[in-house]
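All residue numbers refer to positions in the sequence shown, counting from 1. On a predicted model such as this, the values are computed, not experimentally measured, just so you know. Any value given below was found using the heavy atoms of this structure, including those in side chains, with hydrogens, waters and symmetry copies removed.
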Amino acid sequence: MTRMTEVRIAHTADLDAAGLDAARALLYDVFDDMTAEDWDHALGGVHALIHEGGELIGHASVVQRRLLHGGRALRCGYVEGVGVRADRRGRGHGAALMAALERVVRGAYELGALGASDEAADFYAARGWQVWRGPSWAFTPDGIRRTADEDGSLYVLPGAVPLDLDGDLICDWRDGDVW
């Protein structure tokens, strides 16, 4: 008998300090290059959380961003902080987290987007996320700047808005990693 993974959905404002601390600790454990800015990027939106035995074992969040494409400013659900505790991987928890967030993205945004590590690219592609083939850019305090290092690692979940995956994609500015 397969056990269903229960995913809790909550806005950042609805999580208490202990819950936020647990999510931050989990992500710092999962990612050896996690920064304070990375954690900040995961806040202010909707979190998907999985607990087992009272412990947080999986986290992901979606936050609103503005992306420019094809002459339009698009309301984007940007996925951040997707991580599952190492000893719980391979059991469908990541898929459950993403399914919950994809429902939010499809219901509230014109498209979804995320930056994927090489290790996670196949996971996202298998879920219907498409690699952005065109050049990436960012609005910066100094104007629009190329983000060539991100090319090939950005994925989108198309919605009702037509996208040219070979065109330019420009993200809004934020501290730390802009994508």
Atom CZ of Arg146: over 12 foreign heavy atoms under 6.0 Å: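 Atom CZ in Arg146 is packed in, count exceeds 12.
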Asp149, CG atom: more than 12 neighbouring heavy atoms under 6.0 Å: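 Count not over threshold, so no.
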Could you check if a side-chain atom of [X] sits within less than 4.5 angstrom of a side-chain atom of [Y], using non-hydrogen atoms only?
X: Trp129; Y: Met98; answer: yes
X: Trp179; Y: Tyr78; answer: yes
X: Leu43; Y: Leu20; answer: yes

Taking side chain to side chain contact (heavy atoms under 4.5 Å, CB included) as the test, write out the residues that go with [X], two or more places apart.
X: Val84; value: Arg88, Arg89, His93, Leu97
X: Asp168; value: Pro135, Trp137
X: Asp177; value: Asp38

With [X] via salt bridge (charged side-chain N to carboxylate O under 4.0 Å, His left out) - residues at least two apart:
X: Asp172; answer: Arg65
X: Arg8; answer: none
X: Arg127; answer: Glu102
X: Glu55; answer: Arg85

If you compare all heavy atoms of [X] against all heavy atoms of [Y], which two are closest, and at what distance to 0.1 Å?
X: Asp151; Y: Gly134; answer: OD1-O, 4.0 Å
X: Val105; Y: Gly77; answer: CG2-O, 4.1 Å
X: Tyr28; Y: Thr35; answer: OH-C, 3.1 Å
X: Val82; Y: Ala60; answer: CG2-CB, 3.7 Å

Ser136 side chain vs Thr147 backbone, donor-acceptor pair below 3.5 Å: yes
Shared ILVMFWY cluster between [X] and [Y], side chains joined below 4.5 angstrom?
X: Met34; Y: Val30; value: yes
X: Val79; Y: Leu56; value: no
X: Tyr109; Y: Ile9; value: yes
X: Leu15; Y: Val7; value: no
X: Leu27; Y: Val63; value: no

Only pairs under 3.5 Å count here: list side-chain donor-acceptor contacts from residues 111-124, not counting sequence neighbours, and write none if there are none.
unit_1, atom_1, unit_2, atom_2, d
Ser117, OG, Glu119, OE1, 3.3
Ser117, OG, Ala120, N, 3.3

Contacts of type side-chain hydrogen bond (donor to acceptor under 3.5 Å, both in side chains), residue Arg106, not counting sequence neighbours: none
side-chain hydrogen bond (donor to acceptor under 3.5 Å, both in side chains) partners for Arg145, two or more places apart: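 Partners of Arg145 under the side-chain hydrogen bond (donor to acceptor under 3.5 Å, both in side chains) test: none.
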Using 0.5 Å steps for rounding, measure from the [atom1] atom of [X] to the [atom2] atom of [Y].
X: His69; Y: Leu169; atom1: NE2; atom2: CG; answer: 7.0 Å
X: Glu110; Y: Leu74; atom1: CD; atom2: CG; answer: 5.0 Å
X: Leu49; Y: Ser61; atom1: CG; atom2: OG; answer: 9.0 Å
X: Trp173; Y: Ile144; atom1: CH2; atom2: CD1; answer: 13.0 Å

Ring pair (Phe, Tyr, Trp, His ring centres under 6.0 Å) pairs, two or more places apart, involving residues 36-59: His47-His59
Could you list the donor-acceptor pairs under 3.5 angstrom formed between side-chain atoms of residues 152-163 and any protein atom two or more places apart in sequence or on another chain?
unit_1, atom_1, unit_2, atom_2, d
Ser153, OG, Glu150, O, 2.8

